[in-house]
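Both backbone and side-chain heavy atoms feed into the values below; hydrogens, waters and symmetry mates do not. Sequence lines set the chain letters: A, B, ... in the order given, protein chains first and strands last, and positions in each chain run from 1.
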There are 2 protein chains.
Amino acid sequence: LIRLENIKKIYQLGTVSVPALRGVDLLVRNNEYLAVMGPSGSGKSTLMNLIGCLDTPSEGSYLLDGEDVSNLSDDDLAIIRNQKIGFVFQTFNLLPRADALHNVELPLIYRGVSSTDRKQKAREALEKVGLGDRIHHRPNELSGGQRQRVAIARALVNNPSIILADEPTGNLDTATGEEIMEILEGLHDQGNTIILVTHERYIAEYAQRVVRLRDGLVEIDESIPEE
Amino acid sequence: LIRLENIKKIYQLGTVSVPALRGVDLLVRNNEYLAVMGPSGSGKSTLMNLIGCLDTPSEGSYLLDGEDVSNLSDDDLAIIRNQKIGFVFQTFNLLPRADALHNVELPLIYRGVSSTDRKQKAREALEKVGLGDRIHHRPNELSGGQRQRVAIARALVNNPSIILADEPTGNLDTATGEEIMEILEGLHDQGNTIILVTHERYIAEYAQRVVRLRDGLVEIDESIPEE
Ligand SMILES: Nc1ncnc2c1ncn2[C@@H]1O[C@H](COP(=O)(O)OP(=O)(O)OP(=O)(O)O)[C@@H](O)[C@H]1O
Ligand SMILES: Nc1ncnc2c1ncn2[C@@H]1O[C@H](COP(=O)(O)OP(=O)(O)OP(=O)(O)O)[C@@H](O)[C@H]1O
Ligand SMILES: [Mg+2]
Ligand SMILES: [Mg+2]
């Protein structure tokens with residue numbers, strides 16, 4: 001499903017080059033459940049942005065469903081992102097002037113869903129993450145963990161087959177974090193593919209496999225034994 | 001040092017009232033080390049904003065060092081914040097167009113420190129959190145955990161006697177999180193007062209006492225036995 005070969009990403013800041021990824025190989029099959037871990041600054045979000053077609057590598061190839069992503073136009077990439085990929089950003093990236101409901105509606109608007117249908121789907125997605133009574137709050141009228149849950153609801157509302165979640169429980173207490181993990185567990189059981197970045201051991205344990213980055217390279221890539 | 005009595009905070013959203021804090025009593029002595037925990041949306045950040053003089057309660061009283069905070073002007077509050085309190089925000093709140101060095105310099109500029117001195121102090125604060133090689137990166141050129149560490153460096157650069165940290169390790173891998181906790185440990189040993197919000201057990205264990213909120217009220221307030 002996802003095949004990354006010798007992926008490099010170098011950020012250019014004036015005269016300074018920052019090699020965020022220095023040659024990453026990664027193969028992810030359909031319906032796998034992967035946890036990405038590693039120190040702060042090791043390249044996890046950069047890797048997620050590349051997998052999620054939000055950015056392009058400096059070198060290397062990325063085949064998504066057999067298709068070479070680097071050959072696609074921006075419009076094609078936007079369609080793929082909208083139809084196949086649900087992305088929970090590490091820093092949420094919500095529209096500050098729109099309320100929770102409207103933020104979650106956005107992927108449905110892009111897909112051309114009717115106004116009545118998308119309001120209902122967005123409401124249901126928010127209820128699922130425990131925010132049914134916060135749908136008209138804007139991001140600055142929500143707690144940190146509530147904003148994170150709006151970002152999660154938005155990522156899931158289009159029923160994507162690939163879910164990329166960057167620290168989805170970083171701002172959530174343990175109990176709420178486990179509710180979110182239950183939702184992801186259900187989506188995995190339905191056949192979807194899940195890649196999540198986390199620094200918390202108990203969250204990584206929901207996955208079947210852990211890939212650990214260090215300094216822009218894969219340090220460890222191994223299955224988690226089932227219990 | 002910090003005395004909160006019957007503190008209430010009600011947010012008004014049009015016709016809807018959101019009671020974020022519903023009568024909180026809290027006494028914190030000089031040099032205490034307190035962890036605040038509780039479910040997402042239970043009022044932790046609201047409480048921190050009130051303690052940090054960033055917001056005022058709807059009801060109840062707040063005495064800081066024996067002084068009634070509700071009687072102070074905005075200018076007085078700003079001076080107290082700058083001199084006494086270091087605040088690490090849950091969502092970092094960095095200036096997007098300023099680099100890390102300048103973001104960390106801000107509290108020193110406000111205090112009137114000379115340009116040479118403050119550049120040096122800001123640089124040292126960033127080195128202390130492991131970002132010596134990122135001082136000219138702007139927030140969008142930093143990883144999530146690096147932005148969080150810039151926010152931490154900024155909170156500590158003025159040597160505040162009260163440190164309020166809202167989920168300071170939420171975006172940090174365990175090893176980097178422990179480095180930050182070591183810094184806080186050192187500051188506590190020097191006689192400062194630390195209040196941190198966290199949802200992670202192993203972070204709370206650095207504190208001497210845990211206050212647990214639920215639905216805007218204190219549910220538990222107890223010491224952590226020393227080991
Ligand atoms: N400006 C606001 N207007 C209306 N409601 C608000 C506002 N800010 C916060 N709230 C509400 O007040 C409640 C408490 O928010 P607060 O940010 O203190 O929670 P928290 O305990 O820090 O949560 P988290 O762990 O998710 O960060 C939440 O239910 C939130 O929706
Ligand atoms: N736009 C950019 N320009 C320059 N350097 C960047 C940029 N974005 C990220 N970096 C650098 O690339 C490296 C990897 O960043 P990335 O966000 O992938 O790390 P991460 O593993 O997600 O870290 P964290 O756990 O802290 O979120 C970091 O050292 C960061 O400073
Ligand atoms: Mg990251
Ligand atoms: Mg909060």
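- For chain A, the nearby part of B/T91 is the side chain; its heavy atoms alone come within less than 4.5 Å.
- When each of B/R149, B/R201, B/H136 is checked for heavy-atom pairs under 4.5 Å with chain A, B/R149 comes out on top.
- If you measure heavy-atom distances from A/Q146 to chain B, the contacts under 4.5 Å come from both the backbone and the side chain.
- With a threshold of 4.5 angstrom between heavy atoms, B/R147 approaches chain A through side-chain atoms but not through N, CA, C or O.
- Here the closest heavy-atom approach between residue B/D173 and residue A/S40 is recorded as OD1-N, 2.6 Å.
- Of all heavy-atom pairs between A/R134 and B/V18, the closest is NH2-CG1, 3.6 Å.
- Contact annotation for B/V197: neither backbone nor side-chain heavy atoms come within less than 4.5 Å of a heavy atom of chain A.
- Contacts between B/Q148 and chain A at a heavy-atom distance below 4.5 Å are absent for every atom of the residue.
- Note: B/P39 leads B/S143, B/P39, B/G38 in heavy-atom pairs under 4.5 Å with chain A.
- Other residues, nucleotides and ligands contribute over 12 non-hydrogen atoms within 6.0 Å of the CG atom of A/N140.
- Listed by sequence position, B/L13 are the residues of residues 7-15 of chain B in contact with chain A, using a 4.5 angstrom heavy-atom cutoff.
- Residue B/T198 does not touch chain A at all, counting heavy-atom pairs closer than 4.5 Å.
- If you tally non-hydrogen atom pairs under 4.5 Å between each of B/K44, B/H137, B/M37 and chain A, the highest count goes to B/H137.
- A donor atom on one side chain and an acceptor atom on the other are not found under 3.5 Å apart for A/E167 and B/N171.
- Proximity to chain B (any heavy atom under 4.5 Å) is shown, for A/S42, by neither the backbone nor the side chain.
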